[in-house]
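What follows is one structure encoded as structure tokens, with my remarks underneath.
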2 protein chains.
Amino acid sequence: MERTTRQRVAIRDAIAQAGRPLSPQEVLAAAGAQVPALSLATVYRNLRLLVEAGEVLSVVLPGESARYETSQHPHHHHFQCTRCRRVFDVHACPGNLAHLAPAGFTVDDHELTLYGRCSDCQVPARRGAKAPARAPTAR
Amino acid sequence: MERTTRQRVAIRDAIAQAGRPLSPQEVLAAAGAQVPALSLATVYRNLRLLVEAGEVLSVVLPGESARYETSQHPHHHHFQCTRCRRVFDVHACPGNLAHLAPAGFTVDDHELTLYGRCSDCQVPARRGAKAPARAPTAR
DNA sequence: GTAGCTGCAAATTCTTTGCAGTTGT
DNA sequence: ACAACTGCAAAGAATTTGCAGCTAC
């Protein structure tokens, strides 16, 4: 990653400003606003380079393809709403979890995902209830 | 999932007896020992049905395809060694994490993955050091 | 007997890669 | 200048699906 290309700048900025993990398609949509001819292949190539460089982290949730977010944000976790499938950042952290590992193991890091209902999906689904779509484009 | 077919029995048994999360390919290999003509498509179809029926849970770790394990095992978490990439079960649990979520959110469940070095990979890699392969078949 | 289930192969979807042309430095 | 980078299209890999035949009940 030696050069500063328009594409790379756009991709880096899109992720830095998103405030939530973006999928490759979402990165393409966001960065593509700056660089119209941006190709998905370039997005993938840069995501890999940025992850290798430690600028970006990948977030994986069950049944979904990988999302990417800045490593600049402080340590945090994620919450996925089981109804609308959106992913939110959780800035709280249970703290030191090293004692959970078996004897002889060393814990360097951890990842935590909470599942439940976000504030928009509190009421159990009922006919005609006002609520967000179940799988909105923006996650 | 109305009938008890040989294929389904073999797949269910393979997962129940594995003691660790299996990938679809591993399920095919294990269950295929009982039902030689077993096809990968059938494995995928049954994994989905078993997950929907709540008999099986899917486990997803970054950069790896989904693994499946029995839901019969008590609530537990996972530990992935950053060196040999193997996945271990962790039976400890930090407990109630509901308070970590933002106000207005309801937490029903959580998933936790610890990262670090397993007991076999404690010594930082050095030339000629005795240690397991970095990416063994069995994870 | 018949609907559910299976195997096979084709179709999808997601991600990676080869290559020739473009562009930072 | 020239190697890194990009876009396009083709290649791969993982998962899903259509369909005709098999089989549990």
Side-chain angles (χ1 to χ4, degrees), chain A residues 1-15 21-69 85 87 135-139, chain B residues 1-15 21-69 85 87 135 137 139:
Chain A
M1 214 170 58
E2 309 181 359
R3 294 181 187 175
T4 307
T5 62
R6 282 170 304 135
Q7 291 88 340
R8 184 162 299 153
V9 171
I11 290 169
R12 187 187 278 125
D13 287 357
I15 293 172
L22 298 181
S23 68
Q25 286 291 345
E26 290 175 324
V27 172
L28 176 65
Q34 307 305 314
V35 184
L38 185 62
S39 77
L40 190 51
T42 296
V43 171
Y44 276 108
R45 277 189 281 237
N46 277 286
L47 287 176
R48 183 151 55 77
L49 290 171
L50 290 166
V51 169
E52 283 170 9
E55 284 189 55
V56 164
L57 296 174
S58 67
V59 180
V60 184
L61 296 174
E64 324 252 340
S65 58
R67 318 275 174 83
Y68 298 84
E69 67 180 358
R85 302 262 107 197
V87 176
T137 302
R139 297 189 180 168
Chain B
M1 214 171 56
E2 309 181 359
R3 296 183 186 174
T4 305
T5 61
R6 283 170 304 134
Q7 290 86 340
R8 184 162 298 152
V9 171
I11 290 168
R12 187 186 278 126
D13 287 357
I15 294 172
L22 298 181
S23 68
Q25 287 291 346
E26 290 174 323
V27 172
L28 177 65
Q34 307 305 312
V35 184
L38 185 63
S39 79
L40 190 52
T42 295
V43 170
Y44 277 109
R45 277 189 282 237
N46 277 285
L47 287 176
R48 183 151 53 77
L49 291 171
L50 290 167
V51 169
E52 283 169 8
E55 284 189 55
V56 164
L57 296 174
S58 67
V59 181
V60 183
L61 295 173
E64 325 251 341
S65 59
R67 317 277 175 84
Y68 299 84
E69 67 181 358
R85 300 264 109 193
V87 176
T137 303
R139 294 186 186 171

Residue met sooner reading DNA chain C from 5', once B:Arg45 and A:Leu40 are mapped to nucleotides: B:Arg45

Distance in angstrom units between [X] [atom1] and [N] [atom2], rounded:
X	N	atom1	atom2	result
B:Tyr44	D:dA14	OH	P	7 Å
A:Leu28	C:dC14	CG	P	13 Å
A:Glu2	C:dT25	CD	C1'	10 Å
A:Met1	C:dT25	CE	P	12 Å
A:Ile11	D:dT6	CD1	P	7 Å
A:Gln25	C:dT13	CD	P	12 Å

Does [X] put a side-chain nitrogen or oxygen below 4.0 Å from OP1 or OP2 of [N]?
X	N	result
B:Thr5	C:dG4	no
A:Gln7	D:dG7	yes
B:Thr4	D:dC25	yes

Sugar-phosphate, base or nothing in reach of A:Arg8, heavy atoms under 4.0 Å: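 Answer is sugar-phosphate: A:Arg8 comes under 4.0 Å of backbone atoms only.
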
Touch class at under 4.0 angstrom, heavy-atom based, for A:Ala37 against every strand present: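 Sugar-phosphate, backbone atoms only, no base.
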
Nucleotide nearest B:Ser39 when distance is taken to its side chain, options D:dA4, C:dG7, D:dT6: C:dG7

Residue B:Pro24, side-chain heavy atoms: nucleotide from C:dC8, D:dT15, C:dT17 that is nearest: D:dT15

Test item: B:Arg8 side-chain N/O and B:Arg3 main-chain N/O as donor-acceptor pair under 3.5 Å: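 Indeed, once roles are kept as given, a pair shorter than 3.5 Å links the two residues.
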
Less than 3.5 Å apart, which donor and acceptor atoms pair up between the side chains of residues 29-42 of chain B and the rest of the protein, not counting sequence neighbours?
residue	atom	partner	partner atom	Å
B:Ser39	OG	B:Thr42	N	3.3
B:Ser39	OG	B:Thr42	OG1	3.2

Under 3.5 Å donor-acceptor pair, B:Arg3 side-chain atoms to D:dT23 base atoms: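 Flag set: donor-acceptor pair detected.
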
